[in-house]
Amino acid sequence: MSRLDYIIVLTHDKGLILMINVLMKDLPSRIKAMSTANSDGTYTIFVNSRLNLEQQQEGYIHELLHILNRDYDKQSVNDIELNAHRIEG
């Protein structure tokens with residue numbers, strides 16, 4: 001795993017603060033990025049270091065939308081992905 005590249009702190013209109021760690025990581029080429037909810041309430045987005053900048057940005061934005069949409073509080077991965085692609089499209 002790569003070093004910590006940056007931390008993003010987002011505030012929501014309801015006072016919610018999201019801390020997001022972003023790491024560059026060698027991932028399979030079919031994966032632009034992935035994210036995880038951490039036990040301390042923060043999130044981590046892993047961006048594929050093997051891809052070009054445009055693909056990395058697409059993956060990052062996709063994962064950020066998952067976090068902002070509170071997808072980690074939902075059950076169905078299929079519904080989450082379907083909704084994410086509707087928003088991006």
Side-chain angles (χ1 to χ4, degrees):
M1 187 177 336
S2 175
R3 64 181 167 71
L4 178 66
D5 290 294
Y6 47 98
I7 297 175
I8 300 167
V9 179
L10 299 172
T11 58
H12 189 270
D13 60 352
K14 296 179 182 171
L16 175 67
I17 297 175
L18 299 173
M19 292 193 62
I20 304 169
N21 307 297
V22 181
L23 297 166
M24 300 301 289
K25 182 172 174 61
D26 287 347
L27 298 169
S29 60
R30 70 183 187 285
I31 300 173
K32 293 179 183 177
M34 57 187 279
S35 57
T36 183
N38 303 316
S39 60
D40 63 358
T42 65
Y43 297 87
T44 301
I45 297 175
F46 300 96
V47 178
N48 193 339
S49 61
R50 298 176 188 220
L51 302 178
N52 65 42
L53 180 61
E54 182 179 350
Q55 292 171 311
Q56 290 174 340
Q57 289 172 334
E58 288 171 2
Y60 168 78
I61 290 168
H62 178 90
E63 296 306 318
L64 185 59
L65 287 173
H66 281 305
I67 294 168
L68 295 175
N69 288 329
R70 311 289 296 183
D71 288 342
Y72 288 95
D73 298 336
K74 300 174 184 171
Q75 297 282 333
S76 170
V77 173
N78 291 332
D79 289 344
I80 290 168
E81 284 299 320
L82 183 63
N83 188 45
H85 288 284
R86 244 188 257 135
I87 291 170
E88 292 171 5

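All values below were derived from every heavy atom in this structure, side-chain atoms included, with hydrogens, water molecules and symmetry-related copies excluded.
Scanning for side-chain hydrogen bond (donor to acceptor under 3.5 Å, both in side chains) contacts around Gln55 gives Asn52, with sequence neighbours left out. Partners of Thr36 according to the side chain to side chain contact (heavy atoms under 4.5 Å, CB included) rule, which considers only residues two or more places apart in sequence or in another chain, are Asn38, Thr44, Phe46.
Listed for the Asn48 side chain is a donor-acceptor partner under 3.5 Å among the backbone atoms of Arg50. Under a 3.5 Å cut-off, the side chain of Glu63 and the backbone N or O of Ile45 do not form any donor-acceptor pair.
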Donor-acceptor contacts under 3.5 Å from residues 27-34 side chains, at least two apart:
residue, atom, partner, partner atom, Å
Lys32, NZ, Glu58, OE1, 2.6

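The distance from atom CG of Leu23 to atom OG of Ser49, rounded to the nearest 0.5 Å, is 10.5 Å. Here the straight-line distance linking atom OH of Tyr43 with atom CG of Leu68 works out to 9.5 Å at 0.5 Å rounding.
Under a hydrophobic-cluster definition in which Ile, Leu, Val, Met, Phe, Trp and Tyr are linked whenever side-chain heavy atoms come within less than 4.5 Å, directly or via other members, Leu51 and Val22 are assigned to different clusters.
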